[in-house]
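See below for the structure under consideration.
One is the number of the first residue; the rest follow in order along the sequence. What you see below is based on every heavy atom in this structure, not just the backbone, and it leaves out hydrogens, waters and symmetry mates.
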Amino acid sequence: MNAVVQLLEKVLPVFVLLGLGVLCRTKQLLTREGVNALKNVAVNIALPAVMFSAFADAEYTARSICVPLMIFLLCILSLYAGMALCRWMKIPGRLSPFLSAGFEAGMLGYSLFAILFPGEEASFAMVDLGQVLFVFTVYKVLLARKDGLKGALKEAASSTTVWAIVAGLLFGVTGLYRALQPSGISGVIDATADFIAAPTSALILLAIGYDLAPAQIKWKKISRLLLLRLGVSGAALAVALLVDRFVFGGMMHLGAALLLFILPPPYVLPVFADVEEERTDVSSALSALTVVSIALFAVLAAVM
């Protein structure tokens with residue numbers, strides 16, 4: 001009975017908030033503009049507080065940097081594997097290979113990780129760092145085409161999340177965060193960041209629930225896109241776990257690694273579509289992969 005209660009404590013809040021999001025759409029309790037405003041608050045204000053705390057509190061050593069570097073390289077390999085598989089499987093669309101790489105850690109990963117492992121966000125930050133570097137460099141440069149590296153850097157420079165990561169890295173890598181602990185200043189920073197970050201999970205899951213409409217997903221049409229993503233992510237996860245065990249000696253937080261690799265691709269992907277039909281297919285694939293991620297999260301919660 002205790003095991004069931006513990007599972008419900010982790011899983012039920014997620015499904016309740018997703019359900020409330022669906023209810024807000026079906027009963028018109030929130031408008032699209034209202035949900036977009038909630039997303040902006042979550043992504044531009046609450047989430048950066050989470051990111052800052054996570055990266056400031058992380059431990060940085062020459063050895064620990066191997067983890068984000070490995071994730072970065074795996075993301076690149078996943079993208080090129082996706083390109084090769086799309087040709088082999090004859091999957092059309094310029095954006096199809098991009099579904100095989102990158103993870104929506106910001107809008108979903110940190111929220112779910114905080115439910116499973118409260119207070120351990122720094123562990124997730126270390127595996128996320130590699131894919132953040134990938135998304136804001138290789139991924140978006142190849143996606144943008146016309147704007148290239150200049151456009152990707154401009155977007156990164158205007159992102160409060162990126163600035164929060166940079167600030168957190170500076171506090172963590174330089175040792176400033178830990179140096180301020182004896183004076184109590186680090187505690188004040190933590191209390192402020194935690195207060196701002198408190199509604200992050202609720203706001204993000206509510207917004208995701210609002211956008212979810214499983215009955216409208218064209219499962220048959222996008223089945224190959226789902227197989228592409230799940231196959232490449234599964235292979236990348238297997239490589240990550242093997243390298244971590246036999247090369248790094250088990251440095252990665254197992255739960256952080258498992259959660260990262262079950263996340264859907266970045267939600268920004270449909271923005272780069274040149275054709276409306278492709279935008280619809282990619283959006284449908286992202287919605288389906290989000291449903292799959294939530295289901296896998298429930299399984300992860302049951303076994304962790």
Side-chain angles (χ1 to χ4, degrees), residues 3 6-7 10-11 50-51 53-85 99-106 108-139 165 168-169 172-173 226-266 289 292-304:
Q6 290 175 357
L7 177 61
K10 297 175 181 178
V11 174
V50 176
M51 306 288 263
S53 293
F55 281 97
D57 193 38
E59 292 187 13
Y60 299 94
T61 63
R63 190 164 175 262
S64 67
I65 295 302
C66 293
V67 171
L69 178 60
M70 176 187 67
I71 299 297
F72 179 80
L73 293 174
L74 281 175
C75 285
I76 294 177
L77 291 174
S78 294
L79 178 58
Y80 282 97
M83 292 177 177
L85 286 170
L99 282 166
S100 64
F103 306 95
E104 189 47 68
L108 187 59
Y110 281 90
S111 301
L112 297 181
F113 188 81
I115 293 171
L116 283 182
F117 308 100
E120 298 183 44
E121 287 81 2
S123 298
F124 188 73
M126 289 308 295
V127 297
D128 177 45
L129 179 58
Q131 79 91 26
V132 167
L133 293 173
F134 166 76
V135 168
F136 279 99
T137 55
V138 178
Y139 195 77
I165 292 174
L169 284 170
V173 172
L226 301 187
L227 288 174
L228 173 72
R229 170 67 183 192
L230 296 175
V232 173
S233 291
L237 172 60
V239 172
L241 294 178
L242 287 172
V243 171
D244 180 59
R245 179 177 179 182
F246 294 107
V247 179
F248 299 158
M251 287 193 302
M252 281 197 306
H253 187 294
L254 180 59
L258 292 173
L259 181 61
L260 181 74
F261 281 93
I262 67 172
L263 293 174
L289 287 166
V292 172
S293 295
I294 297 299
L296 291 174
F297 165 79
V299 174
L300 187 60
V303 299
M304 294 301 294

> V67 and M251: which non-hydrogen atoms are nearest, and at how many Å?
Replying inline: CG2-CE, 3.9 Å
> Do Y110 and M51 pass the side-chain contact (heavy atoms from CB on, under 4.5 Å) test, and can you show the C-alpha distance, the side-chain angles, and the key distance before you say yes or no?
Replying inline: CA-CA 9 Å; Y110 281 90; M51 306 288 263; 3.3 Å; yes
>> Any non-hydrogen side-chain atom of S123 less than 4.5 Å from a side-chain atom of F117?
In response: no
> What distance separates I65 CD1 from L69 CG, expressed to the nearest 0.5 Å?
Replying inline: 9.0 Å
> How far apart are the closest heavy atoms of K10 and L116, and which atoms are they?
Replying inline: CD-CD2, 3.7 Å
> With a 4.5 Å heavy-atom cut-off, do L129 and I71 have their side chains touching?
Replying inline: no
> Do the side chains of M70 and M252 get nearer than 4.5 Å, heavy atoms only?
Replying inline: yes
>> Quick check: do E121 and D57 have side-chain heavy atoms less than 4.5 Å from each other?
In response: no
>> Run the side chain to side chain contact (heavy atoms under 4.5 Å, CB included) test against I76 and tell me which residues pass, sequence neighbours left out.
In response: F72, Y80, F134, V138
> Where do S233 and F103 come nearest, in terms of heavy atoms and distance?
Replying inline: OG-CE2, 4.4 Å
>> Is there a side-chain contact between P68 and L133 in this structure, where contact means two heavy atoms from C-beta onward sitting under 4.5 Å apart?
In response: no
> Say you draw a straight line from CG of L237 to CG of L230; how long is it, rounded to the nearest 0.5 Å?
Replying inline: 12.0 Å
> What is the distance from atom CG of L112 to atom CD1 of I262, rounded to the nearest 0.5 Å?
Replying inline: 7.5 Å
>> Rounded at 0.5 Å granularity, tell me how far CG in L300 sits from CD1 in I294.
In response: 11.5 Å
> Which atom pair, heavy atoms only, marks the closest approach of G102 to V135?
Replying inline: CA-CG2, 4.4 Å
>> Could you go through L74 and F261, starting from their C-alpha distance and side-chain angles, then the distance that decides it, and tell me whether this counts as side-chain contact (heavy atoms from CB on, under 4.5 Å)?
In response: CA-CA 11 Å; L74 281 175; F261 281 93; 4.3 Å; yes
> If you round to the nearest 0.5 Å, how far is CG of L260 from NE2 of H253?
Replying inline: 13.0 Å
> For A101 and P265, which heavy atoms make the closest approach, and how far apart are they?
Replying inline: O-CB, 4.2 Å
>> Minimum heavy-atom separation for G255 and F113, please, with both atom names.
In response: C-CE1, 4.3 Å
>> As an exercise, state the distance from CZ of R229 to OG of S78, rounded to the nearest 0.5 Å.
In response: 8.0 Å
